[in-house]
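Atoms within each ligand, like the ligands themselves, are counted from 1 in listed order. Numbers for residues simply follow the sequence, beginning at 1.
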Amino acid sequence: MISAVGNETRFLHAIEMGLGAWQWGDRVVWQYGRGYTDEDIQQAFQVSIQNGVRFIDTAEIYGSGRSERLTGQFIKGTDQPVLVATKFFPLPWRLTGNSILSALKGSLERLGLDSVDLYQIHMPTPLLSPEKMMGGLVACVENGLTRTVGISNFDQSYMLRAYSTLARHNIPLAANQVHYSILNRGVEKNGLLARCKELGIRLIAYSPLEMGLLSGKYGLKNPPPGNRGARYLNILSKIPPLLKLMTEIGQDHGGKSNVQVALNWVICKGAMPIPGARMEIKRCRMPVL
Ligand SMILES: NC(=O)c1ccc[n+]([C@@H]2O[C@H](COP(=O)([O-])OP(=O)(O)OC[C@H]3O[C@@H](n4cnc5c(N)ncnc54)[C@H](OP(=O)(O)O)[C@@H]3O)[C@@H](O)[C@H]2O)c1
């Protein structure tokens, strides 16, 4: 149940699903440049737009700005309206409210935009209080550089502090972007999802496919490339029964894929999934269970 959604943030609640852009330039986790290029990424963007996606989630830190540059380039090349969300990363040498405003100006330059639709704090830090961070976001709104503001990876107590601080400036906390998937249901257990619904904060679900695992294309014999393989080593041996069940559910619903089942699950829980995509699906490795 959504009870407290204001006019300024209503548009976020109307978006069923977005597209994550971490893969667009990231070499460390996603191995950008090894196996996929800007052309592949552009195709992933175009196919997403053709299929109705209108919300891109990027961050200044993704590919050290490359993701924002590619996002800006792609949206300039489409005639469809695309909403953009990006994020401030609290690096230890940027710990004042002012650094948030200047970081957003840098993001806008890379995106080639005058303003974004959602500006988020990428994660909390013990070095800068939620109140100070929100002060920085207030300045971003007051300067007309973002339509709404949000947070990411904030637990419930930090989220409530952010919410109250913004409320004192009559600014709604639009979103909290957190890890949420069939395999990671912490936000249900710790009450964050329920509290977001109660306060009209859109819960944006990152890694809704558990970094590709829920697609069913990876297994113990062919783990995902790069450091994802080590990260998910323990889980890979345990998920075949879940993947099998998801495949059966998909088949019972008109032949839907595991990816569709996983994303629909998040949507039905009342959150907005933002799956990442680095290439058009026909070029992805096919499922091996
Ligand atoms: N705020 C934060 O701290 C934070 C943290 C993580 C992510 N995020 C955001 O959330 C977004 C999504 O999370 P994520 O990228 O970590 O993981 P994800 O969305 O769970 O998984 C993305 C991966 O799933 C696979 N995939 C996607 N569509 C597919 C399809 N149709 N068929 C088969 N496989 C498919 C691809 O794997 P392969 O690449 O192996 O082909 C893709 O790279 C990110 O891009 C980013 O915008 C935010």
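- A salt bridge links Glu248 with Lys244: the closest approach of a Lys/Arg side-chain nitrogen to an acidic carboxylate oxygen falls below 4.0 angstrom.
- Some N or O of Met211 is nearer than 3.5 Å to an N or O of ligand 1, by distance alone.
- Atoms of ligand 1 lying under 4.0 Å from at least one heavy atom of Lys87, given by number and element, are 1 (N).
- With atom 25 (C) of ligand 1 as the reference point, the heavy atom nearest to it among Gly212, Ser67, Ala59 is part of Gly212.
- The shell of residues lying under 4.0 angstrom from ligand 1, judged by heavy atoms, includes Tyr62.
- Ligand 1 lies out of reach of Met123, whose nearest heavy atom is not under 4.0 Å from it.
- Within the 4.5 Å cutoff, no side-chain heavy atoms of Asp57 are placed close to those of Trp22.
- Looking at Leu128 and Thr125, their side chains come closer than 4.5 Å, going by heavy atoms from C-beta outward.
- One side chain, Asn258 or Thr247, offers a donor N or O that lies under 3.5 Å from an acceptor on the other.
- A heavy-atom separation below 4.0 Å is not found between Met279 and ligand 1.
- Ring geometry, Tyr206 versus His179: the interplanar angle falls under 30°, so the pair is classed parallel (tilted spans 30 to 60°).
- Distances from atom 27 (C) of ligand 1 to the heavy atoms of Gly276, Ser152, Pro275 show the closest one on Gly276.
- Those atoms of ligand 1 that come under 4.0 Å of a heavy atom in Ala21, given as number and element, are 45 (O), 47 (O).
- The side chain of Asn153, and not its backbone, has at least one atom closer than 4.0 Å to an atom of ligand 1 (non-hydrogen atoms only; side chain from C-beta on).
- Taking every non-hydrogen atom of Asp57 and a distance limit under 4.0 Å, the qualifying atoms of ligand 1 come out as 9 (C), 46 (C), 47 (O).
- If you check the side chains of Gln120 and Ser152, you find no donor sitting under 3.5 Å from an acceptor.
- In this structure, Glu68 CD and Lys87 NZ are separated by 9.0 Å, a value rounded to the nearest 0.5 Å.
- The ligand atoms of ligand 1 that sit less than 4.0 angstrom from a heavy atom of Gln177 are 1 (N), 2 (C), 4 (C), 8 (N), 9 (C), 48 (C).
- With respect to Arg168 and Glu131, no salt bridge is recorded, no charged nitrogen being found less than 4.0 Å from a carboxylate O.
- Remark: ligand 1 atoms within the under-4.0 Å shell around heavy atoms of Glu210 are 20 (O).
- Here the shortest heavy-atom distance to atom 37 (O) of ligand 1, taken over Gln120, Lys217, Gln260, Gln31, belongs to Lys217.
- Residue-ligand proximity, Tyr218 to ligand 1, at heavy-atom distances under 4.0 Å covers atoms 38 (P), 40 (O), 41 (O).
- Here is the list of ligand 1 atoms found below 4.0 Å of a heavy atom in His122: 1 (N), 2 (C), 3 (O).
- Residue contacts with ligand 1 do not include Ala277, since none of its heavy atoms lies under 4.0 Å from the ligand.
- Geometrically, Arg27 does not engage Tyr32 in a cation-pi contact defined by less than 6.0 Å to the ring centre and at most 45° from the axis.
- Judged by the 6.0 Å distance and 45° axis criteria, Arg161 is not positioned over the aromatic ring of Phe154.
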